[in-house]
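Values in this document were obtained by computation on a predicted structure and should not be read as measured data. Note that ligands are numbered from 1 as they come in the structure, with each ligand's atoms numbered from 1 the same way.
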Amino acid sequence: MAVTATTQTPSPKHNIEAMREAFYARIAKKDMAPLWKVMKNVVTKEPVTRTKPHVWHFDDVKSLVMESGGLITAEEAERRVLILENPGMHGESRITNTMFAGVQMIMPGEVAPAHRHVSSAIRFILDGEGAYTAVEGEKAFMSPGDFVITANWAAHDHGNPSDKPMLWLDVLDYPAVNFYEACFAEDFEEQRQATKREDGDSLAFYGSGVLPDGTAATDRTPIINYTYARTRPIIERMLLAGNIDPRHGARVRYANPVTGGPVLPTMGAALAMLPQGFHGEPYRSTDGTIFACAEGAGSTEVDGELLQWGANDVFVVPPWKRYSHRAATQSVLFSISDRPAQEALGIWREGT
Ligand SMILES: [Fe+2]
């Protein structure tokens, strides 16, 4: 049967769509927009993340960081750091939406000058021995596995009087600070701070189940360096005692010894020992987590993707992606996330 062309008259539906579009165009000129057009994107049923699971292998990282040592001095760079950029957020200087991570190197004889900033920083020492971080007058010499804290506005500088390069993982909360547009920073005239306390004073004063008289509770830990020499035997002892979480292994959380709370209000860290053959139960939580392997080798399955890791490798698990660890040999994993910030805001969730 032949089809004859008919003149289309606008349907009521077409009419209302056209009226809506015209309305949206008019309100846009007054800096307004209809929520109903974007509601499902801004109030999602489950967390949506741009963070991708990823592993940075230490062999690559070390050789590239060493190469950078021939291109720029620590003093010129202020901090000679290669950023670990999440592949889902290239160019944004972040490993998760809220955290920066990088690997810093300091060569023998170099100094990274004193400064301070609102962003809190932690260092987890990967390689080398005998460089120091001076934090508010305490010069903390660092060894692999040590966990060093530079809290909000704490003056800090680094130096390496040893004869070997030293590398560590830096993690800062500045993407979160910048989200609030609340960043301040300043440099100091002098490159190095005057030393006011002995190396290890803060750990000795506050890290032994006693507290000096008059110690006040603050939102950050008074300990500068949680040494591996002190923390590793604890998780080893937990492992031997069978105190092994089926998801995380024999794990301790680094705590502020005065309050029992996290070491910083914005970031929290943990150290776990996984026995050889460990096959963790699946776990997920809303805090995207950075892991660094201090010892051993294994893999972590994240949302169906397998990340293989060995000593000094760094890997990241995005928020609310299910993951489980497997240890090929007895392994130690350091981890850090923004969990304390989420808990303080009442938004942290965990699940299986
Ligand atoms: Fe800094």
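- Here the protein contributes His115 NE2, His117 NE2, His156 NE2 as N, O or S atoms under 2.8 Å from the Fe ion (ligand 1).
- A side-chain N or O of Gln104 and one of Asp170 form a donor-acceptor pair less than 3.5 Å apart.
- No hydrogens or angles considered: a donor-acceptor pair under 3.5 Å links the side chains of Arg123 and Thr150.
- A donor atom on one side chain and an acceptor atom on the other are found under 3.5 Å apart for Ser143 and Glu129.
- Checking Asn86 against Arg94 by side-chain atom types alone, no donor-acceptor pair falls below 3.5 Å.
- Apart from Phe100 itself, the hydrophobic cluster it occupies contains Val81, Ile83, Leu172, Tyr174, where clustering links Ile, Leu, Val, Met, Phe, Trp and Tyr at side-chain heavy-atom distances under 4.5 Å.
- Side-chain contact of Trp309 with Thr300: a donor-acceptor pair under 3.5 Å is present, judged by distance alone.
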